[in-house]
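What follows is a short report on a single structure.
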Amino acid sequence: MSNMEWNIRSLFNPVITRLIIYGINPIDLEDVLQKIESAVLINSRSLEKKWRDLWEEKASRYLRQAEEAFASKHYNTTRELYIEAARCYFAVFLINFSDIDEKKHIYQLFAGYYHKALNLFSVPGEKVEVPIGNGRTIPAFLHLPEKTAGINGSVTVFSGLGSCKEEMHILSRTITGRGVAALVPDMPGCGESLFINDIKCRLKTIKQAISGCLAFLKNHNKTKDSVIGSTGLCMGGGYAYKAAAIHKQFSFCATLFPLFISQVKDEHTPQWMRNGEWYNYQTGGADPDVFKKEMGREPDEILSCPFFIAHGKYDNWMTIDDAMELFNITNTDNKKKVIIEDEPVFSRNKAVLHAMPVGEQMHWVRHIFADWISEKVSELK
């Protein structure tokens, strides 16, 4: 493989890991990557277009098959094919187009087909609006377990900047498989909260969203009597930690590669998190240094509830030392850590993205994560 071919593939390494977390078909992914490598690409725009065209071809095939399955009343097959189509558009969504309207259009296709699939589960995900004050709401999915009567536990599932509630599908369903309800919001600056409700990502709106999610679970008829936990991954893991440190009504906190971007070195912070149309749109044009600082952990934000953390030894965004500091300062003996010892495969010995070390191992670590949540619910009920 030539240097040019490797460089082109390397550009997509961060995207590849996110797609793995979301459950992309590996054959579809490899097929697209090989075709990208063999294409004549003269600039970044032509690369973006080729990536989009290839995934849209695959999405079209899945959608044709979904329609045929629906016409034959094979609803389980229809659901799975809609999910495959959604994954294809998610692959396109992960490219940070400078054209915000294009980014929004791709998100709506991704979210639309995922919503179609969600309605075909035996217990469909419920689309809800979570009030966050001043007449504003953030959209969310409430995923319920198969046995919806007498739910003992519920959790928030927070995701970070650049993500959305739809991306949390596999993680949410892993949790509900243990009998625990999962509320998955589009946090400020993400998904429909951003594209439809125009709620930007700033510390004030993040805190409002956290409070709103807690109040929603405390008052919803299915979850109001349950033990409530705070969970999240990546920047959402930082939200989960902050939520449980501020609100003692959260009975436990579980995080997957938590991130406070204030602790990321400037040379490791990707360009899209510092400037550009996409960054400005998500944050309302916040000064990047101010934004980075305000998204940190305050000195008095220290957990005293049961705590779970999974983190990567080779993470170079929030280092293993910074992550273990979170673990060590937590004021409880009821805590568990899972350290991913594996070096990232896609970036070899260099973790160029926070998601890589743990994200590449999500196929098993999410089950350890969900088991711990189930155990805490049983202990605390």
Side-chain angles (χ1 to χ4, degrees), residues 18 21-23 90 111 114-115 118 121 123-130 132 138-145 151-193 201 206-207 209-218 220 222-223 226-244 247 249-259 305-310 355 358-359 362 365-377:
R18 292 275 294 279
I21 294 173
Y22 190 56
F90 179 54
Y114 175 71
H115 296 183
L118 202 56
F121 279 90
V123 179
E126 182 184 354
K127 177 76 177 295
V128 299
E129 293 287 335
V130 176
I132 64 170
I138 56 172
F141 285 132
L142 179 61
H143 297 270
L144 298 173
I151 293 172
N152 290 326
S154 61
V155 297
T156 56
V157 181
F158 297 120
S159 60
L161 203 60
S163 186
C164 54
K165 61 189 180 302
E166 292 80 14
E167 187 178 359
M168 298 299 102
H169 170 75
I170 287 180
L171 190 60
S172 303
R173 290 283 157 169
T174 304
I175 293 169
T176 60
R178 271 72 173 177
V180 178
L183 177 69
V184 192
D186 273 330
M187 292 298 279
C190 300
E192 290 180 296
S193 290
C201 182
I206 292 299
K207 286 184 173 181
I210 288 170
S211 298
C213 289
L214 176 60
F216 181 92
L217 288 174
K218 287 173 63 179
H220 192 277
K222 292 290 186 182
T223 60
S226 69
V227 174
I228 300 174
S230 176
T231 79
L233 79 170
C234 195
M235 202 165 162
Y239 297 161
Y241 189 98
K242 183 180 287 289
H247 298 283
Q249 298 98 319
F250 285 114
S251 298
F252 60 86
C253 177
T255 63
L256 295 168
F257 51 103
L259 173 66
C305 63
F307 180 46
F308 174 99
I309 184 172
V358 179
M362 191 63 75
V365 77
R366 63 187 168 92
H367 293 290
I368 307 299
F369 167 84
D371 286 345
W372 185 89
I373 289 171
S374 177
E375 291 170 5
K376 293 310 113 178
V377 168

- prompt: Excluding sequence neighbours, so at least two apart, what forms ring pair (Phe, Tyr, Trp, His ring centres under 6.0 Å) with His247?
  reply: none
message: So, using ring pair (Phe, Tyr, Trp, His ring centres under 6.0 Å) as the criterion, who are the partners of Tyr114 when residues are at least two apart?
response: Phe141, His169
4.5 Å side-chain heavy-atom contact, [X] and [Y]:
{"X": "Phe257", "Y": "Leu233", "result": "yes"}
{"X": "Val184", "Y": "His143", "result": "yes"}
{"X": "Cys213", "Y": "Phe158", "result": "yes"}
{"X": "Arg18", "Y": "Ser163", "result": "yes"}
{"X": "Ile228", "Y": "Thr223", "result": "no"}
{"X": "Val157", "Y": "Lys165", "result": "no"}
{"X": "Phe250", "Y": "Thr156", "result": "yes"}
{"X": "Ile175", "Y": "Phe369", "result": "yes"}

query: What's the verdict on side chain to side chain contact (heavy atoms under 4.5 Å, CB included) for Phe308 and Ile368, showing C-alpha distance, side-chain angles and the deciding distance?
result: CA-CA 10 Å; Phe308 174 99; Ile368 307 299; 4.2 Å; yes
[X] to [Y] - nearest heavy-atom pair and separation:
{"X": "Met187", "Y": "Ser159", "value": "CG-O, 3.8 Å"}
{"X": "Gly160", "Y": "Cys190", "value": "O-SG, 3.3 Å"}
{"X": "Ser251", "Y": "Cys305", "value": "O-CB, 3.5 Å"}
{"X": "Tyr239", "Y": "Ile210", "value": "O-CD1, 3.8 Å"}
{"X": "Ala240", "Y": "Thr255", "value": "CB-CG2, 4.3 Å"}
{"X": "Pro188", "Y": "Ala209", "value": "CD-CB, 3.7 Å"}

Which distance, rounded to the nearest 0.5 Å, do you find between the [atom1] of [X] and the [atom2] of [Y]?
{"X": "Lys218", "Y": "Gln249", "atom1": "NZ", "atom2": "CD", "answer": "4.5 Å"}
{"X": "Lys207", "Y": "Lys242", "atom1": "NZ", "atom2": "NZ", "answer": "5.5 Å"}
{"X": "Leu171", "Y": "Met362", "atom1": "CG", "atom2": "CE", "answer": "6.5 Å"}
{"X": "Arg173", "Y": "Met168", "atom1": "CZ", "atom2": "CE", "answer": "14.5 Å"}
{"X": "Glu192", "Y": "Cys164", "atom1": "CD", "atom2": "SG", "answer": "9.5 Å"}

Residues Ile170, Thr174; criterion side chain to side chain contact (heavy atoms under 4.5 Å, CB included); working and verdict: CA-CA 6 Å; Ile170 287 180; Thr174 304; 4.1 Å; yes
Distance-only, no hydrogens or angles: does the [X] side chain make a donor-acceptor pair with backbone N or O of [Y] under 3.5 Å?
{"X": "Ser193", "Y": "Ile138", "result": "no"}
{"X": "Ser172", "Y": "Ala182", "result": "no"}
{"X": "Ser226", "Y": "Gly153", "result": "no"}
{"X": "Ser154", "Y": "Gly229", "result": "no"}

task: Any chance you could lay out the side chain to side chain contact (heavy atoms under 4.5 Å, CB included) test for Arg366 and Ile21, step after step, and finish with the verdict?
output: CA-CA 10 Å; Arg366 63 187 168 92; Ile21 294 173; over 6 Å; no
message: I'd like to know whether Phe121 forms a side chain to side chain contact (heavy atoms under 4.5 Å, CB included) with Thr176, so could you lay out the CA-CA distance, the side-chain angles of the two residues, the decisive distance to 0.1 Å, and finally the verdict.
response: CA-CA 12 Å; Phe121 279 90; Thr176 60; over 6 Å; no
statement: Contacts of Ser374 meeting side-chain contact (heavy atoms from CB on, under 4.5 Å) (sequence neighbours excluded), chain-then-number -> Arg178
